[in-house]
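Written out below as structure tokens is the structure these notes cover.
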Amino acid sequence: MDATTHCPRCDAPRSSLVRDGFYHRADDSKSIQRIRCKDCGKKFSNATFTPTYRQKRRRINETVRFCLASNMCPRDIAELVGVNIKTIAARLIWLAERAREKNKRKLQAYIQACGPIKTVQFDDLITFEHTNCKPLTVPLAVIDGVRIPLGFRVAAIPAFGRLAAISRKRYGRRADHSVQARNGLFEALQAVLPPDVHFKIDGHKHYPMLIKRYFPEATYTVHASDRGCVVGQGELKKTKFDYLFSINHALANIRAKVNRLNRRTWCTTKRPDRLADHIDIYIDVLIDRLEHDRKYKHRRAVKP
Ligand SMILES: [Zn+2]
């Protein structure tokens, strides 16, 4: 009775609970302890209080998590692990919930280990839901130099450029939630960043206003955006030295690893909240990868 502290029906304490045999869980071939409550007679098990409670395919979770952050689309993942595509859709939501908690903890652990964050890079990634005529913006903040994401939001914006008129004709006027989203993100950043943090931003006119409002003691430098090189497709720059490399690299990496953000893809986002879920899972896997790289760096450096 490891994780069990109370009865799920009558809230009886652990002293009222007794062991009541085992059952074989076919899904992952495990023996699970059954538990009975002496007060109300309700039977449950050690699996009742685990995060995977009521899942039918527990073994796929790690693979799905990894594949979602490795540029695979839900249909291919479903084929790979042998489940229905709807199971992958459900697992995306489940994994995202856990990823958000994990990401928060990992960030706190990073601050504990490396001290307060000194410099942050900030920029927006543009994508769309359903059609190019319905763009979305993803404001993202990363730690300078280590490209660990601090937070992001997903917000609808009106179409711009040559698509603006077409978009209005087809879908009507589209609301602009970007200001609200950036405000929300900066409010959340106040909890993790020291007040005298330094921001590196591009020429976007909204950013200095945000910094002054949420971090009055903070400083910032503006670096003009340069032409992209082909490999980064806009995010990675052709110049010799890119002052905003951390954020540009992070955005290029998200585009490459989150399938629905690829350029010229037919795997498009249908719901902005699912895009947010997907990015949360990506960040979770990314921090694991960065951690792994850091751990094994010295081993690769040693030559025989
Ligand atoms: Zn009970």
Side-chain angles (χ1 to χ4, degrees), residues 1-69 74-75 77-113 149-154 184 187-188 190-192 270-288 291:
M1 287 199 275
D2 340 301
T4 316
T5 55
H6 63 276
C7 168
R9 183 195 274 168
C10 71
D11 238 16
R14 193 170 166 154
S15 52
S16 309
L17 307 178
V18 284
R19 289 192 186 131
D20 193 31
F22 287 88
Y23 72 91
H24 176 76
R25 186 162 74 187
D27 153 47
D28 57 355
S29 312
K30 272 189 181 156
S31 254
I32 306 297
Q33 173 79 63
R34 267 213 184 90
I35 299 161
R36 185 166 50 83
C37 173
K38 283 192 286 185
D39 294 3
C40 69
K42 163 92 172 165
K43 283 182 183 183
F44 52 100
S45 78
N46 266 346
T48 311
F49 301 98
T50 57
T52 54
Y53 177 52
R54 292 219 150 172
Q55 282 188 6
K56 294 290 171 217
R57 298 293 302 271
R58 289 175 177 79
R59 283 188 225 244
I60 68 168
N61 288 337
E62 255 319 287
T63 313
V64 173
R65 188 179 80 99
F66 181 81
C67 288
L68 282 171
R75 196 168 296 278
I77 301 170
E79 197 182 338
L80 175 74
V81 298
V83 299
N84 193 293
I85 188 171
K86 283 179 260 180
T87 310
I88 305 295
R91 236 23 94 78
L92 175 97
I93 299 166
W94 181 80
L95 285 165
E97 242 167 66
R98 291 168 58 74
R100 274 189 283 275
E101 292 301 312
K102 270 155 80 185
N103 294 344
K104 252 184 237 165
R105 279 204 303 272
K106 284 178 193 168
L107 193 58
Q108 288 307 327
Y110 176 86
I111 294 168
Q112 286 245 304
L150 289 165
F152 73 95
R153 289 288 186 280
V154 176
E187 228 173 273
Q190 281 179 324
V192 286
K270 272 76 180 181
R271 282 178 57 171
D273 50 341
R274 294 289 168 265
L275 169 63
D277 285 348
H278 203 156
I279 296 177
D280 276 316
I281 297 169
Y282 159 81
I283 292 173
D284 174 25
V285 176
L286 172 75
I287 297 175
D288 283 356
E291 180 69 10

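Just so you know, ligand 1 is whichever comes first in the structure, and atom 1 is the first atom listed for that ligand.
- Salt-bridge formation is not detected for the pair Asp284/Arg100: no Lys NZ or Arg NE/NH1/NH2 atom is positioned less than 4.0 Å from an Asp or Glu carboxylate oxygen.
- Neighbours of the Zn ion (ligand 1) restricted to protein N, O or S atoms under 2.8 Å: the count is 4.
- Salt-bridge check for Arg98 with Glu101: failed, with every basic side-chain N at 4.0 Å or more from each acidic carboxylate O.
- For the pair Lys56 and Asp27, the minimum side-chain heavy-atom distance is 4.5 Å or more.
- Within the 4.5 Å cutoff, the side chain of Phe49 has no heavy atoms near those of the Thr5 side chain.
- With respect to the salt-bridge test (charged N to carboxylate O, under 4.0 angstrom), the residues Lys106 and Asp288 qualify.
- Among residues two or more places apart in sequence or in another chain, the side chain to side chain donor-acceptor pair (under 3.5 Å) test is passed with Thr52 by Arg58.
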